[in-house]
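The next block holds one structure in the form of C-alpha cells; read it before the comments.
A quick note: this is a predicted structure, and the numbers were derived from the prediction, not measured.
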Amino acid sequence: MHHHATLSHKMRFGAEVRQTGSRFALWGPKCRSVGLKLQRRKVIPMQRDDAGWHRVDVPGVGAGARYKNVIGCGKQIADPASRFQPAGVEGFSEVIAPELFRGRAPRWSGRPWEETILYQLHIGTFTPDGTWAAAMDRLDYLARLGFTAIELMPAAQSHGAFNWGYDGALWFAPYAPYGRPEDMKAFIDCSQALGLMVILDVVYNHFGAVGNALPELCPTFNHASGNAWGKAINLDGKGLADVRAFIIENALYWLTEFNLDGLRLDAVHVLVDDSNTHLLEILAARVRAAFPFRHVHLILEKKQNEEGWLRRDTRLNPVHYTAQWNDDPHHVLHAAVTGEVTGYYADYQTGTSASEDMGRALAERFVFQGQRMADGSPRGEESAGLPPTAFVINMQNHDQIGDRVHGDRIHRFAPPDAVTAFAATYLLCPQIRMLFMGEEFAAPTPFPFFADMPKTMHADMRKGRVAQLRDTPEEDDPEKPDADETDDPTDRKTFDLAKLDWSESEAGRGFETLNTYRALLDLRRREIVPRLAGISGFDACYARLGQDAVLVIWRMGDGATLRLYLNLSQTSQTGVPPIEGCQLWLSGYVGEGRLGPWTVLWTIEV
C-alpha cells in the first residue's frame, strides 16, 4: 500500500521546519522590533523588512519546540499562525512538522458532491470523552447508516476547555482539548478510509474575544464597524493584502495539510469587502486551482440569498461555491410542523400561503427571491435556474437548536408524526441534506450554547445570550420558557448536558427513530443519489393541493420524474389528483383523493 505524506502547503505565516532548523515569520507592521522566545532560551531578535514582516532562521530547532513572539514592551504572545497550542491560547506555540503524518487512504480523491449526505457534529459533545480519538470509534456506525460526509463544527483554538467553536482566536491551531494535530489527521484519514468525506467549518468573520493579538501587530486590522460577534475584519483597507492572504492561506492550509474534503464558511454575509474582487471570489479561485484532481467542496452560509455565488459552468461544475446552507426550506417546514411563527420564523406563516412557500422552497430553493421580508426590506434573487444540489437543507442544525432557551431539539416540542413527516420530506428531497448529530435517534440531549470564557466576561456573556434569545420564537409563547431562564453558557454543566447519550439509540423511541432514518437514508442512496448526477436548474415545479397541501415534481438527471405529495398540517386535505408513479415512501394516509394529516408520499416514474 502506498503511503502519502500529507502535502505541506508552503505558508508565509508562522513556523516552518526546514532541513537544518526552523524558520519563524510574523507579519507585524505595527511593531518596530519583534523577538522570538524559545522555551528555556534567551530572546532572539527577528529581522524586519519594509513590508513589516519579521523573520528569523534558528538552526537546530525542529518539531516539538515551544516558542512565543515578544512584542512591544516585552509582551509575550502566541504565534497568530501557531499550528498547535498544547497549553491553550495563552500558552507557548508548538512547532509542527506536517510531513510526519502518513495516511491510510492514499488514493482518496474525495467523492462527487451529489453523493453527499452530511452529518454535522461537534467533537467535544459527540462522545463522552469529547476527543478525536473517541469520535473515531463512531465512524463505522456513520458509514454503515449511509452517511457519506461529516461536517465538523469549528475546531480552531479558542480560550478555555469547552466551546461551540465559533470563538476561534488562533485559526491554524486545532483546539487542544480535542487532541493533537496528528489526532485530527488520524480522524480524517480513518473517515476517508470508510468512504466518509470530512468538511470543516471555518470562521473568517471575526476572531474570538480572547487570545487574538493581530490588532496589536497590524494597522487597522479591524473595521470601525463591528458585527454581532465582535469587531469585523478589515478586508479592503489600504495595505491590507496580507490580511486577505492570511485568510486564503488558512483555507489552503486546512485542505492541504489535513487532507480535508471541503470547508463551510460561516456567516459570510458579515464580511465587508468593497475592493475590486471580493475575498470570497479570490478564495474560491485559489482553492479550485490548487486541487485540480480532487473533489473539494466549498459551502457558504449567507443570509442574502444571492444566486451568483452558486453559479454553474456549462458542465454543471461550480464556478465559485459548491452549495449554500438554505434556511428557507427549514424555516417554512419548521413553522408548519411546530406552529412557531414569531422570531425569525415571522416571515414564514402557516396556513394557505405556507403551502405556496413550501412548494417554492422545495422546487425553486429560495422562498425569498426578491420579495419583501416582514421588515419591508427586499431579500434574495431568483434561484430556480440553479440545480438543487447547490443547496444544503436540514431539519435542525447547531444554530436552530442552540437558539432555544434550553437548547431543545425538535423531537422535544413537536408532535412525533409531524417530525417524521418533516424528516421524510427533507431526507428524500433532491437538495443536499444535513443531519445534526443525534437527530437520527431522536436524541433527547439538548444542545445549548456554551463557551468557556475568563471570569471577567461571564456576566456580559450571560447578558448577551439573553438579549439574543429575545428574538427567538419561544419568547412570544406563554407556554414556553423565558429567555431569562437560559442555561449559563460559561458553566461546564451546560457543556456536559450537551454530550450525546448513545444508549438512547438502543431502545424505545430512539431505536424506532433510528430504524426510520436507516430506511430513509437507504432509500436516498438507492433511488435519489444516482439520479442527481446531471440534474440542472429549472428542474422542478409545484402546485397547491386543497387548502394546505402541495405537490412538487422534479425531473431528475436521468430523466426520471420524482413526485412529492405533502400535507404538513393536522387536517386532512381533499382535492388530491390520482397518484402517479411508483411509491417510494409513505408516512401518513393517502386515499380517495385525500391526504391525511402529516402525510408524505414520494413516488418515482422512470
Side-chain angles (χ1 to χ4, degrees), residues 8-18 21-49 51-98 100 155-159 167-176 180-182 184 202-204 207-218 221 233 242-243 245-254 256-258:
S8 168
H9 171 63
K10 285 277 180 263
M11 289 202 318
R12 286 186 294 170
F13 299 85
E16 186 193 2
V17 180
R18 297 190 162 175
S22 293
R23 183 222 60 181
F24 297 86
L26 179 81
W27 183 59
K30 252 188 185 178
C31 306
R32 302 269 285 284
S33 65
V34 172
L36 177 76
K37 168 83 179 102
L38 287 158
Q39 226 172 357
R40 293 185 290 280
R41 282 173 65 172
K42 285 201 177 79
V43 176
I44 304 166
M46 299 175 81
Q47 279 76 51
R48 186 187 196 279
D49 70 12
W53 280 87
H54 304 258
R55 294 188 183 90
V56 66
D57 282 290
V58 187
V61 168
R66 308 271 173 98
Y67 69 100
K68 282 188 170 185
N69 289 115
V70 185
I71 59 168
C73 323
K75 181 180 177 179
Q76 297 192 3
I77 59 162
D79 180 355
S82 162
R83 294 178 192 218
F84 189 48
Q85 292 293 117
V89 283
E90 274 96 11
F92 276 85
S93 303
E94 183 177 323
V95 177
I96 297 289
L100 296 178
Q157 182 67 46
S158 56
H159 178 273
D167 298 301
L170 297 168
W171 287 356
F172 292 81
Y175 191 42
R180 292 185 53 83
E182 305 87 89
M184 181 175 178
V202 286
V203 183
Y204 296 142
F207 282 91
V210 184
N212 166 34
L214 283 164
E216 300 174 62
L217 302 174
C218 324
F221 193 86
I233 295 165
D242 284 320
V243 173
F246 189 77
I247 294 175
I248 289 161
E249 295 246 326
N250 184 263
L252 291 168
Y253 158 79
W254 286 115
T256 308
E257 213 152 286
F258 289 79

(request) Could you grab the distance from atom CG of Asp242 to atom CZ of Arg12, nearest 0.5 Å is fine? (result) 5.0 Å

(request) Identify the two heavy atoms, one from Val89 and one from Ala169, that lie closest to each other, and give their separation to 0.1 Å. (result) CG1-CB, 4.2 Å

(request) Please confirm whether the backbone N or O of Ala15 pairs with a side-chain atom of Ser22, one donor and one acceptor, at under 3.5 Å? (result) no

(request) Mind checking the CG-CG spacing from Leu217 to Asn69? Nearest 0.5 Å is all I need. (result) 8.0 Å

(message) Among His54, Arg55, Met46, Glu16, which residue satisfies the side-chain contact (heavy atoms from CB on, under 4.5 Å) criterion with Phe24?
(response) Met46

(message) Between Arg18 (side chain only) and Val58 (backbone N and O only), is there a donor and an acceptor less than 3.5 Å apart?
(response) no

(message) The test is side-chain contact (heavy atoms from CB on, under 4.5 Å); show your working for Ile71 and Lys30 and say whether it passes.
(response) CA-CA 10 Å; Ile71 59 168; Lys30 252 188 185 178; over 6 Å; no

(request) Might you confirm whether atom CZ of Arg23 has over 12 heavy atoms from other residues, nucleotides or ligands at distances under 6.0 Å? (result) yes

(request) Provide the closest heavy-atom pair for Arg48 versus Cys31 in the form atom of the first, atom of the second, distance. (result) NE-O, 2.9 Å

(request) Could you tell me the separation between the CD atom of Glu257 and the CE atom of Met11, rounded to the nearest 0.5 Å? (result) 6.5 Å

(message) Taking the side chain as everything from C-beta on, heavy atoms only, tell me whether Trp254 gets closer than 4.5 Å to Met184.
(response) yes

(request) Please report the closest heavy-atom contact between Glu94 and Ser82, naming both atoms and the distance. (result) N-OG, 4.4 Å

(message) Tell me every residue that passes side-chain contact (heavy atoms from CB on, under 4.5 Å) with Ala81, counting only those two or more places apart in sequence or in another chain.
(response) Phe13, Asp79, Phe172, Phe246

(message) Determine whether a donor-acceptor pair (N or O, by modelled atom type, separation under 3.5 Å) exists between the side chain of Lys37 and the backbone of Phe92.
(response) no

(request) May I ask you to decide if Gly91's main-chain N or O and Gln85's side chain share a donor-acceptor pair within less than 3.5 Å? (result) yes

(message) Is it the case that atom CZ in Arg41 sees more than 12 heavy atoms from other parts of the structure closer than 6.0 Å?
(response) no

(request) Could you grab the distance from atom OG of Ser93 to atom CD1 of Ile77, nearest 0.5 Å is fine? (result) 8.5 Å

(request) May I ask you to decide if the ring planes of Phe207 and Trp171 are parallel, tilted or perpendicular, using 30° and 60° as cut-offs? (result) parallel

(message) Please give me the minimum heavy-atom distance between Pro181 and Phe258, naming the atom from each residue.
(response) O-CE2, 3.8 Å

(request) Nearest 0.5 Å please: distance from the NE2 atom of His159 over to the CG atom of Leu170. (result) 11.5 Å

(message) Just verifying a value: how many Å separate Tyr204 OH and Ile247 CD1, rounded to the nearest 0.5 Å?
(response) 7.5 Å

(request) Might you point out which heavy atoms bring Gln76 and Lys68 nearest each other, and give the distance in Å? (result) OE1-CD, 3.4 Å

(request) Could you tell me which non-hydrogen atom of Gly35 sits nearest to which non-hydrogen atom of Val43, and how far apart they are? (result) CA-CG1, 3.7 Å

